[in-house]
Amino acid sequence: MITIDKSDKLYKYLTDLGVDNVDELYIDLAKNGRYSRKDVLNYFHSTFNPSMTKEFDDKELEQVVDYYADIKKCHPIRGAGLNKLLKQYKENSSAELKSLIINSQLKDLLHLCINYKSTHEDVDLQDLVQISSLGLLDALDKYKPDAKINFQDYIIYYVRNRVIKEFEEKKDA
């Protein structure tokens, strides 16, 4: 069992970033042998497995830490379990089911945002997460459970369309 050392460099660093649940994240990082800013960065890279072409600056890293801390409690749902939930949601449009499905996809959504951000440095990560969330909602509303396409692929399509519409078309205008 790892005890929390509030004088530890890692704990102080996470506190300085303004992480809400510092103790929980500290234990998670410490048990994986992560102790410096670079180790924290590598931890998030390995957690989300993005194809990063640059390092985050401090503001971006703080945002990723905050998002990760928030979505860490959300458990991904895949395969048959997700298909069952999607069918139930389409049948009765329950707000509870919608929330469950959305929360189960947040980690993947953040992964998409981090990957996009790695090649589009001029885009603000917070804006990107918000626009991508709208794409996730579009995907959920338009998805047909009987379709032969995976819901995660559907999400990627709608998130990509939202991002292109929001950022790339405005940049060209």
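What you are looking at is a predicted structure, and each value in this text was computed from that prediction instead of being measured. Along the sequence shown, the residues carry numbers beginning at 1.
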*asked:* In the structure I gave you, are the side-chain heavy atoms of Arg160 and Leu112 within less than 4.5 Å of one another anywhere?
replied: no
*Please step through salt bridge (charged side-chain N to carboxylate O under 4.0 Å, His left out) for the pair Asp122 and Lys117, ending with a clear verdict.*
CA-CA 8 Å; Asp122 57 328; Lys117 175 73 177 149; over 6 Å; no
*When rounded to the nearest 0.5 angstrom, what distance separates CG in Asp127 from SG in Cys113?*
10.5 Å
_Using every non-hydrogen atom in the two residues, find where Leu85 and Ile101 come nearest and quote the distance to one decimal._
O-CD1, 3.8 Å
*Parallel, tilted or perpendicular: ring planes of Tyr158 versus Tyr154, cut at 30 and 60 degrees*: tilted
*What's the spacing between Leu100 CG and Gln88 CD if we round to 0.5 Å?*
9.5 Å
_Using modelled atom types and a 3.5 Å cut-off, is there a donor and acceptor pairing between side-chain atoms of Lys90 and backbone atoms of Asp141?_
yes
*Using a 4.5 Å cut-off on heavy atoms from C-beta on, say whether the side chain of Leu86 contacts that of Leu140.*
yes
*Looking only at heavy atoms, what is the nearest atom pair of Pro145 and Lys87, with distance?*
CB-CG, 3.4 Å
*So how far is it from Leu136 CG to Arg162 CZ, rounded to the nearest 0.5 Å?*
11.0 Å
*Within a radius of less than 6.0 Å around OH of Tyr143, do more than 12 heavy atoms belonging to other residues, nucleotides or ligands occur?*
yes
_Exercise: identify the closest heavy-atom pair between Ile77 and Gly81_ = CG2-C, 3.7 Å
*How about Asn92 and Leu97: do any of their side-chain heavy atoms sit closer than 4.5 Å?*
yes
*Least distance between heavy atoms, Ser133 atom then Leu109 atom*: OG-CD2, 3.6 Å
*Residue pair Gln130 / Glu166, side-chain heavy-atom distance below 4.5 Å*: no
*Nearest heavy atoms of Leu128 and Phe167, plus distance in Å*: CD1-CE1, 3.7 Å
*asked:* In the structure I gave you, are the side-chain heavy atoms of Lys165 and Ile131 within less than 4.5 Å of one another anywhere?
replied: no
*Hey, are the side chains of Asp108 and Ile155 touching, using non-hydrogen atoms and a 4.5 Å cut-off?*
no
*Given side chains that start at C-beta, do those of Ile156 and Val159 come closer than 4.5 Å, heavy atoms only?*
no
_From OG (Ser104) to NE2 (His75), nearest 0.5 Å_ = 11.0 Å
*asked:* Please check this pair: side chain of His111 against backbone of Lys107, looking for a donor-acceptor N/O pair closer than 3.5 Å.
replied: no
